[in-house]
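To keep things clear, I will list the structure first and then write my remarks on it.
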Amino acid sequence: MKNKTALITGSTSGIGLGIANAFAKAGAHIVLNGFGEAAQIEALRAQMAADYGVTVRYHGADMSKPSEIAAMVAFAGDVDILVNNAGIQHVSPVETFPLEKWDAIIAINLSSVFHTTRAVLPMMKNKKWGRIINIASAHGLVASPFKSAYVAAKHGVVGFTKSCALETAELGITVNTICPGYVLTPLVEKQIDDQAKVHGIARENVVRDVILAPQPTKQFVSIEQVASMAVYLASDNAAGMTGTAVSMDGGWTAR
Ligand code: NAD
């Protein structure tokens, strides 16, 4: 990954941060994005640069705002690897799903993937090399109740990935999706609380009986496992993979 620049959205926490660390370790220069406390983000940025001897920059664009996304891509410059990872969740029955949550999930989890992709593709086409890796979910392939916006957005990401892969197939660019099962990150910590409310059961029972119920291994997928798949998809060995949704879900979608 030496001399390559990787832009990872939503990389101040969880899976995105793990992916940023893995690309930095592999020698790529990094552009971080995401929310958080300024001093904490600066500490993350400086630590990553020191640990791996690469350039690490940060842009705080809000992925629900197309103009901020355009500014972030301009700031990043020559992007070789784009990882669309930023995402949020909200758990609610359809009929009471808050309208602003629906709009935010579609904007951040789906539309931002379109906005970043359209902005980086001209650069990738010029170089005849590029890697776009979209972090969808097992919920990009199958559904669960109470997650209508998330499931709709993630299915959309899988479909968008296929279209982009076909448009770029002869240009040295690959576009793939990773579909993780449950990974223990702040996003899932919040869902454990939300599901406890919806089902009216204790938090500790939610992990085994609700969260990991569809995941046959009964183990969380790790951040490192997802990150190593992202690094593989960006490698030359993965040049023959495009338009694919790679499942990493402890057997969830095998049922
Ligand atoms: P997380 O909450 O730990 O991290 C989300 C990141 O996105 C953070 O850096 C946050 O600041 C950023 N973000 C949120 N809204 C943003 C916005 N409007 N603009 C810019 N950045 C924003 O979550 P995570 O679990 O690491 O999830 C990362 C991705 O992986 C998401 O797309 C999620 O849907 C997907 N995913 C997660 C799991 C899981 O079990 N954790 C499983 C499958 C897929």
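Order of listing sets the numbers, starting from 1, for every ligand and every atom in it. Because the structure is predicted, anything quoted here is derived from the model rather than measured.
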Under the ring pair (Phe, Tyr, Trp, His ring centres under 6.0 Å) test, which residues partner Tyr182, sequence neighbours left out? Trp252

Please list, chain by chain and in numerical order, all residues satisfying side-chain hydrogen bond (donor to acceptor under 3.5 Å, both in side chains) with Ser144, sequence neighbours excluded. His139

Check ligand 1 for N or O atoms under 3.5 Å from a protein N or O and list each pair with its distance.
unit_1, atom_1, unit_2, atom_2, d
ligand 1, 3 (O), Ser13, OG, 2.7
ligand 1, 9 (O), Gly10, O, 3.3
ligand 1, 9 (O), Thr12, N, 3.3
ligand 1, 9 (O), Thr12, OG1, 2.8
ligand 1, 9 (O), Ser13, N, 3.4
ligand 1, 11 (O), Thr12, OG1, 3.4
ligand 1, 11 (O), Phe35, N, 2.8
ligand 1, 18 (N), Asp62, OD1, 2.9
ligand 1, 19 (N), Met63, N, 2.8
ligand 1, 25 (O), Thr185, OG1, 2.4
ligand 1, 26 (O), Ile15, N, 2.8
ligand 1, 32 (O), Asn85, O, 2.7
ligand 1, 32 (O), Lys154, NZ, 2.9
ligand 1, 34 (O), Tyr150, OH, 2.5
ligand 1, 34 (O), Lys154, NZ, 3.0
ligand 1, 40 (O), Val183, N, 2.6
ligand 1, 40 (O), Val183, O, 3.1
ligand 1, 41 (N), Val183, O, 3.0
ligand 1, 41 (N), Thr185, OG1, 3.1

Go through the side-chain N and O atoms of Asn85 and Thr9 and say whether any donor and acceptor fall under 3.5 Å apart. no

Are Leu32 and Ile8 packed together at the side-chain level, in the sense that at least one heavy-atom pair is separated by less than 4.5 angstrom? no

Which pairs count as salt bridge (Lys or Arg N to Asp or Glu O under 4.0 Å) when at least one residue sits in residues 108-128, sequence neighbours excluded? Asp78-Lys127, Asp80-Lys127

For Asn84 and Thr116, test the side chains for any donor-to-acceptor distance below 3.5 angstrom and give the result as yes or no. yes

